[in-house]
Every structure is written in structure tokens, then in C-alpha cells.
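Notes follow once the structure below has been shown.
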Amino acid sequence: MSNPMSSSNKFASVHYAEYLQLDKILSAQSLRSKALGEPAHDEMLFIIIHQVYELWFKQILHELESMMAIFDQPVIDERQIGVASQRTERIIEIQKIMIDQIRVLETMTALDFLEFRNYLIPASGFQSFQFRKVEVMMGLKQGQRITYNQKPYGSVFSDSQMKELENLEAGNSLAQLVGQWLERTPFVKLDAFPFLDQYRKAVEEMITAEREAIQETGYIGEEEKQIRLKMLDGTAEFFQQALSGEQDAPDADETLSQSATLAALFIQLYRDEPILRMPYQLLTRLMDMDELFTTWRFRHAQMVKRMLGKKIGTGGSSGHDYLKNTAEKHEVFRDLHRISTLLIPRSALPPLPEEVKKTLGFYAAH
């Protein structure tokens with residue numbers, strides 16, 4: 001018997017419609033309003049927009065799975081960091097399209113939506129299993145979630161889907177894997193450059209200079225000076241806690257350990273060194289991805305406010321308020337954003353010894 005995938009027929013021609021299985025895709029728009037005898041023109045748009053979202057979620061999951069496989073290794077080939085960064089960039093471009101799709105959906109007015117809205121109950125975007133997988137795989141923790149009708153988010157799914165989500169939560173998320181990778185980076189433990197000691201000194205000098213500038217300025221009153229000095233004390237306390245070296249496991253609301261935070265800080269501060277360019281690009285794109293999901297959630301919330309006002313969602317949520325709260329709370333890479341608090345001016349950076357610059361650069365042997 002011949003092998004169906006032998007070299008003689010594995011490149012056999014295929015029709016466009018067959019390859020894309022268009023018969024399945026284009027027959028998947030079943031309007032409930034039409035089936036119930038009251039066809040609503042805009043229900044077609046509503047269905048297609050959400051089907052497209054689910055296709056994009058599938059592609060995002062495909063990219064996240066590959067990125068997690070890259071970081072789920074004891075030793076990571078640095079060339080793979082570029083691959084992970086490029087796949088994050090692809091997710092970012094998809095997110096931009098997802099946000100723009102809301103503008104298409106908004107060509108449907110509130111009155112248009114009301115023509116078929118009641119036929120959707122109790123269906124809701126909250127029931128998107130793929131999007132919940134995206135959140136869990138990225139690293140959204142159970143304790144961070146805004147509750148939906150006072151029930152666990154997995155309660156709307158089948159037993160097999162709940163089990164899959166539980167297994168994902170029990171494993172490492174992308175945020176955790178990136179944190180472990182940062183913990184293994186050697187930059188902050190170079191013998192020739194005691195980064196933490198040098199950085200503490202630079203921070204102390206920066207805080208002292210800023211305190212003196214506030215105290216000596218004649219452009220603000222004494223009350224305003226005291227307010228600013230109190231704020232500066234809070235910043236100094238944040239620096240002290242971050243640089244204490246006493247704790248190396250993430251707190252409940254954190255995703256990065258102290259050593260991972262210091263590695264990310266080093267990458268941010270010395271991003272111009274050749275070997276650090278790709279890690280810096282990756283961390284920046286992870287923050288962009290997180291931010292764009294926040295933007296998408298917020299735009300979704302604004303659209304719902306425009307369409308429903310104070311009405312409850314079809315799935316029984318508080319509608320706009322619930323979506324707005326998730327936009328504000330469901331961040332994943334917040335620790336990477338917090339690193340901006342620890343940055344100091346380039347002019348205040350401790351200079352790297354020449355030996356370290358060679359380690360972080362591309363030097364050809366002579």
C-alpha cells in the first residue's frame with residue numbers, strides 16, 4: 001500500500017476554499033433573530049465580529065504556547081529571545097486589530113443592538129474559554145480577578161474546560177517563566193562590577209540632590225515643600241525596599257522576585273549594550289502586550305457603556321462597571337512597569353568597567 005504522504009503526492013494541488021474550509025466558516029453564522037421569525041440586520045455583524053475575535057484568540061494562544069516552550073527550559077539559547085520577541089510583536093499587532101474592530105462594531109447603534117439583544121441571554125463574552133486561557137497563560141492570578149456575579153470565573157465552563165484551566169493555573173505562566181529566566185541572568189552578579197552596591201550609591205546621591213533642590217527652591221512655599229519632601233521619602237522607601245536584598249520571592253501581588261527585578265532593572269538601565277538590546281526589546285514588548293489588553297478591555301467597556309448605559313450584561317454582570325474594573329485590575333506584567341520607578345538618569349549611571357563592557361558587547365578576537 002502506498003504512503004498517502006509520499007513525495008509523489010504530498011504537494012498535490014488543493015483548492016482555496018477547501019484549504020481554508022470556507023464551507024464551515026461561512027455557514028457558521030446562524031442568526032437567532034431570523035430563526036425566531038424577527039430577523040435583525042445587525043446580528044450578522046455582531047456574530048462575525050465575535051467569531052473573528054475567537055480566531056485571533058486562537059492565534060494568540062498559538063504564539064503564547066510557543067513562547068512558553070522557549071522559556072520553559074533550564075538553559076535558553078539567546079537567539080531564542082529574538083524569536084520570543086518577534087512572536088510577542090505579532091500578538092501586539094493582532095491586539096491593535098482587535099481594538100480597531102470595536103470601531104466596526106460601533107457602526108451598530110444602541111437601537112440596532114436592542115433589536116436582537118434579548119435573544120443572546122444568557123450568552124456573554126465572559127464565557128470565552130479561549131480568552132480565559134490567554135489570561136491564565138499570560139499569568140493573571142486567581143486572586144487578582146474581579147469576581148463575576150460572586151462566582152469563580154470557571155463556573156461558566158464545562159467540567160473538562162474547568163480542568164484544563166486548573167491544570168494551566170497549576171503550571172508556570174509566561175510571567176513566571178520570564179521571571180525565572182531573569183533570575184538566571186548573570187548581569188547583576190559580575191565579579192568585576194558590584195552592580196547593587198554601585199547602584200545604591202547612585203540612588204542615594206540622586207535622592208540627596210533632589211531633596212536639596214526642593215529645600216532650596218524659592219518658587220514654592222513651605223507647605224508645598226513639605227508635601228514634596230514627603231513624596232520623596234516614599235520614593236526613597238520604595239528604592240530601599242527594592243534594593244534591600246532581604247527578600248527573593250514575589251509577594252502575593254507581585255510576579256517578579258527581587259533578583260528578577262534587579263536583572264530587569266539592569267537590562268533597562270544598560271539597554272544600549274549590544275547583548276542587552278534583545279532582552280530589553282522583549283521586556284518592552286511584554287509590557288506593550290499587557291498594556292494593549294488593558295486598552296482593549298477599556299475600549300470594550302466604553303462601547304458597552306455607549307450601547308447599554310447602566311443596563312446589566314447579557315450574562316448577568318454589571319455590564320460597563322464590571323468591564324471597566326477588569327481593565328483597571330487585570331494587569332499581568334505590572335512589576336515590569338514598576339521598574340520605571342527605580343530608573344535613574346543616564347548621567348547618574350555607574351559606569352561599566354571595560355571588562356564588563358566587553359562581556360556585554362560584540363568583540364572579535366584578534
Side-chain angles (χ1 to χ4, degrees), residues 60 63-64 66-96 138-139 174-196 198-199 202-203 206 242-243 255-293 332-366:
I60 289 172
E63 306 301 338
L64 288 175
S66 69
M67 291 164 61
M68 292 169 71
I70 287 172
F71 284 101
D72 195 15
Q73 302 293 331
V75 178
I76 301 173
D77 186 329
E78 289 303 312
R79 287 171 292 189
Q80 292 297 302
I81 301 303
V83 173
S85 182
Q86 187 259 344
R87 288 175 184 168
T88 310
E89 179 66 21
R90 180 175 294 164
I91 293 175
I92 288 168
E93 293 304 318
I94 290 171
Q95 291 173 300
K96 292 175 183 177
M138 280 182 60
L174 178 62
Q176 289 171 311
L177 292 169
V178 169
Q180 292 168 12
W181 165 69
L182 285 169
E183 289 171 359
R184 297 194 299 268
T185 58
F187 311 128
V188 296
K189 298 177 182 177
L190 297 169
D191 293 336
F193 182 61
F195 166 66
L196 194 52
Q198 295 282 338
Y199 182 68
V203 167
M206 182 188 72
L243 305 177
T255 57
L256 297 180
S257 66
Q258 187 176 74
S259 59
T261 298
L262 290 176
L265 174 63
F266 187 94
I267 291 169
Q268 288 268 15
L269 291 172
Y270 296 99
R271 66 186 74 172
D272 296 327
E273 300 304 320
I275 286 181
L276 299 182
R277 289 301 300 171
M278 194 57 71
Y280 167 70
Q281 188 177 79
L282 172 67
L283 297 182
T284 300
R285 286 177 173 172
L286 290 173
M287 288 188 287
D288 289 342
M289 179 175 67
D290 203 22
E291 183 178 315
L292 282 167
F293 270 127
V332 174
F333 293 98
R334 63 174 62 81
D335 286 357
L336 290 178
H337 289 282
R338 288 174 180 166
I339 287 171
S340 295
T341 312
L342 299 172
L343 298 181
I344 61 177
R346 275 191 173 93
S347 58
L349 280 182
L352 296 172
E354 193 60 29
E355 178 183 342
V356 174
K357 288 182 72 69
K358 287 183 178 180
T359 301
L360 300 178
F362 301 121
Y363 284 78
H366 295 288

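Computed from heavy atoms alone, side chains included, the values below leave out hydrogens, waters and symmetry copies.
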Could you walk me through whether H337 and E291 pass side chain to side chain contact (heavy atoms under 4.5 Å, CB included), step by step?
-> CA-CA 10 Å; H337 289 282; E291 183 178 315; 4.3 Å; yes
Inspect the contact between [Y] and [X] and indicate whether a charged nitrogen and a carboxylate oxygen are less than 4.0 angstrom apart.
| X | Y | answer |
| --- | --- | --- |
| R285 | D288 | no |
| K358 | E355 | no |
| R334 | D290 | no |

So, does [X] use its side chain to make a donor-acceptor pair with the main chain of [Y] at under 3.5 Å?
| X | Y | answer |
| --- | --- | --- |
| S85 | I81 | no |
| R271 | Q268 | yes |
| Q258 | A242 | yes |
| Q176 | G139 | no |

Find the distance between CD1 (I275) and OG1 (T185) and round it off to the nearest 0.5 Å.
->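 Those atoms lie 12.5 Å apart.
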Y270 to P350 - nearest heavy-atom pair and separation | OH-O, 2.6 Å
Looking only at non-hydrogen atoms, find the nearest pair between L286 and T88 and report the distance.
->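 Where L286 meets T88 most closely, the heavy atoms are N-CG2, 4.1 Å.
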Please test L265 against F195 for side chain to side chain contact (heavy atoms under 4.5 Å, CB included), starting from the C-alpha separation and ending with a verdict.
-> CA-CA 11 Å; L265 174 63; F195 166 66; 4.3 Å; yes
List the steps, then state whether salt bridge (charged side-chain N to carboxylate O under 4.0 Å, His left out) holds for K357 with E354.
-> CA-CA 5 Å; K357 288 182 72 69; E354 193 60 29; over 6 Å; no
Begin with the C-alpha distance, continue with both residues' side-chain angles, and end with the deciding distance and a verdict on side chain to side chain contact (heavy atoms under 4.5 Å, CB included) for F266 and L276.
-> CA-CA 9 Å; F266 187 94; L276 299 182; 3.8 Å; yes
